[in-house]
Amino acid sequence: MTSEFQHLIDLSDYSVSWWQKVVELGEEIKNDPEKFAHECDGKIMATLFYEPSTRTQMSFQTAMIRLGGQIIGFDNPANSSVSKGETIKDTTKIVSNYADILVIRHPLAGSAKVASLTADCCVINAGDGGHLHPTQTLTDLLTLKIEKKTLSGLTIGMCGDLINGRTVHSLCKALSVFSDNKFVFISTPELGMPAYIKDIITANGSTFTEVNTLEEAIGELDVLYMTRIQQERFASVEEYLAQKNTYVLDRKKMQLAKKDMIVLHPLPRVDEITVDVDSDPRAMYFTQAKYGVYVRMALIMTMLREKKSSETLRGKIYKNVRCDNPRCITNHEEYLPKSFRTAGGTLLECEYCDERKLI
Ligand code: NCD
């Protein structure tokens, strides 16, 4: 299936040079934002947020306003026709005729892809369930470029909820294509990085190790990426409580880290970084959130400038095969074509959420 518009659902749909171009433009904007104040005069961006958000939603809105454009949208689907049972397909189809660019966040994996199937404007994925979050990754890449001066040769620790954290999935996919990056996954076995992400890292030529404690890894890291335990993605409160408070970065653990290690976090923080770490010069998470506006300005400009079509579904459509992921959009919106890629032998991968199944 093709769309006459270009969409950002997964950074892997674009070349590395495209990401670098967006990040470089983000840096240029950071150094002189005024120069770009009229880039989007007369343009409208719609933000459809079916899930709570502070940074992503407001940084997208700020980005569009700073480019001279205007914004429409909702951040509480209960106030829209979604509450009357409208499908993503219909909502996005309608809104895409009111706007030039549509930014969507939704609790189900694959939802942004669904929006791109029918939208009559560009669609940007601002987080689809526990799956992907490409614009947080652009933010992280800009932060690394400015603060570490490189995207290669880094030892990156990722700590916390690696199974449900969409930010770390997108970031691993992106950083693993740059040379000599090493990942250290710090999590409990229950919250470990999904197998498909580990396979992508290996296929891209990067390496990873897995450990259980922050103490055993922190000393070797150039970057520590902390994440929140994603309470809303657990099947029960008991399962969440069993994982809560497992990893807490405090001043004592920071003493074990390199002098030039930086601490990133997509935020919001719950209790995984104590507030006394905030004054440590290596704590970069608030700066990171600020950089998110510049890189989103760069992304909006790039997508509106380039008039490209895109391929939306590339897999094979199966009539009688369902995705096994209960949080996949295809198990909630029945009309969707079930599209799978072959992942070797009899293994299929859902094109919406990347869940694998044997047939
Ligand atoms: C993250 C998200 O929504 O995935 N936040 C963000 O976009 N800045 C991380 C989180 O919610 O834990």
Side-chain angles (χ1 to χ4, degrees), residues 8-11 26 47-63 73 75-77 103-113 124-144 156-174 185-188 191 193-194 197 223-234 239-240 243-249 262-273 278 283-297 299-300 327 329 353-354:
L8 175 59
I9 308 305
D10 179 350
L11 280 175
T47 52
L48 304 187
F49 276 62
Y50 293 74
E51 225 189 18
S53 169
T54 304
R55 271 149 297 274
T56 307
Q57 188 193 32
M58 288 196 200
S59 66
F60 261 115
Q61 294 178 339
T62 307
D75 56 12
N76 179 359
V103 179
I104 180 168
R105 166 171 290 193
H106 193 282
L108 295 172
S111 46
K113 185 177 268 298
I124 297 177
N125 181 6
D128 59 329
H131 186 218
L132 296 172
H133 195 343
T135 69
Q136 181 63 45
T137 294
L138 290 172
T139 303
D140 301 339
L141 295 182
L142 176 62
T143 309
L144 291 175
I156 308 123
M158 295 185 169
C159 176
D161 191 348
L162 307 184
I163 191 163
N164 297 306
R166 53 195 173 197
T167 59
V168 286
H169 301 163
S170 286
L171 187 56
C172 282
K173 288 176 75 170
F185 298 139
I186 307 153
S187 76
T188 59
L191 300 183
M193 191 58 84
I197 298 285
V223 180
L224 172 58
Y225 200 97
M226 292 297 294
T227 64
R228 167 181 75 91
I229 309 293
Q230 309 263 307
Q231 179 172 7
E232 68 278 26
R233 312 216 191 276
F234 282 77
E239 283 170 73
Y240 165 67
Q243 300 294 333
K244 191 179 181 278
N245 288 330
T246 313
Y247 299 104
V248 179
L249 180 67
I262 60 168
V263 183
L264 301 182
H265 190 313
L267 302 175
R269 148 178 64 185
V270 181
D271 46 19
E272 59 280 353
I273 304 179
D278 297 357
M284 212 52 74
Y285 28 92
F286 295 123
T287 308
Q288 180 189 2
K290 192 169 83 185
Y291 292 163
V293 175
Y294 304 125
V295 92
R296 289 185 172 102
M297 288 170 78
L299 177 65
I300 294 167
R327 309 284 299 152
I329 189 72
C353 74
D354 294 309

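On a predicted model such as this, the values are computed, not experimentally measured, just so you know. First listed ligand is number 1; within each ligand, the first listed atom is number 1.
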Colleague: May I ask you to list the atoms of ligand 1 that are less than 4.0 angstrom from any heavy atom of T56?
Modeller: 6 (C), 7 (O), 8 (N)
Colleague: Can you name the closest pair of heavy atoms from A63 and V293 and give their distance?
Modeller: CB-O, 3.8 Å
Colleague: Can you pull out the closest protein heavy atom to atom 11 (O) of ligand 1? Residue, atom name and distance to 0.1 Å, please.
Modeller: R228 NH2, 2.8 Å
Colleague: Heavy atom of G292 under 4.0 Å from ligand 1?
Modeller: no
Colleague: Below 4.0 angstrom, N of the basic side chain to O of the carboxylate: do R269 and D278 qualify?
Modeller: yes
Colleague: Which ligand 1 atoms does Q230 reach within 4.0 Å, using its non-hydrogen atoms?
Modeller: 10 (C), 11 (O), 12 (O)
Colleague: I'd like to know if R228 and D271 make a salt bridge, using a cut-off of under 4.0 Å between side-chain N and carboxylate O.
Modeller: no
Colleague: When you measure from atom 8 (N) of ligand 1 to every protein heavy atom, which one gives the shortest distance, and what is it?
Modeller: P266 O, 2.9 Å
Colleague: Give the intermediate values and the outcome of side-chain contact (heavy atoms from CB on, under 4.5 Å) for residues M284 and T143.
Modeller: CA-CA 8 Å; M284 212 52 74; T143 309; 4.2 Å; yes
Colleague: Does R166, backbone or side chain, put an N or O under 3.5 Å from an N or O of ligand 1?
Modeller: yes
Colleague: Side chain, backbone, both or neither: which part of Q136 has a heavy atom under 4.0 Å from ligand 1?
Modeller: side chain
Colleague: Check each heavy atom of L267 against ligand 1 and say whether those closer than 4.0 Å belong to the side chain, the backbone, both or neither.
Modeller: backbone
Colleague: Aromatic rings H265 and Y285: how do their planes relate, parallel, tilted or perpendicular, breaks at 30° and 60°?
Modeller: perpendicular
Colleague: Working to the nearest 0.5 angstrom, can you tell me the gap between Y247 OH and I229 CD1?
Modeller: 8.0 Å
Colleague: Examine ligand 1 and decide if any of its atoms is less than 4.0 Å from a heavy atom belonging to R105.
Modeller: yes
Colleague: Please confirm whether R296 makes a cation-pi placement over F60, using NZ or CZ under 6.0 Å from the six-membered ring centre and within 45° of the ring normal.
Modeller: yes
Colleague: Near H133, which atoms of ligand 1 are under 4.0 Å from a heavy atom of that residue?
Modeller: 2 (C), 4 (O), 6 (C), 7 (O)
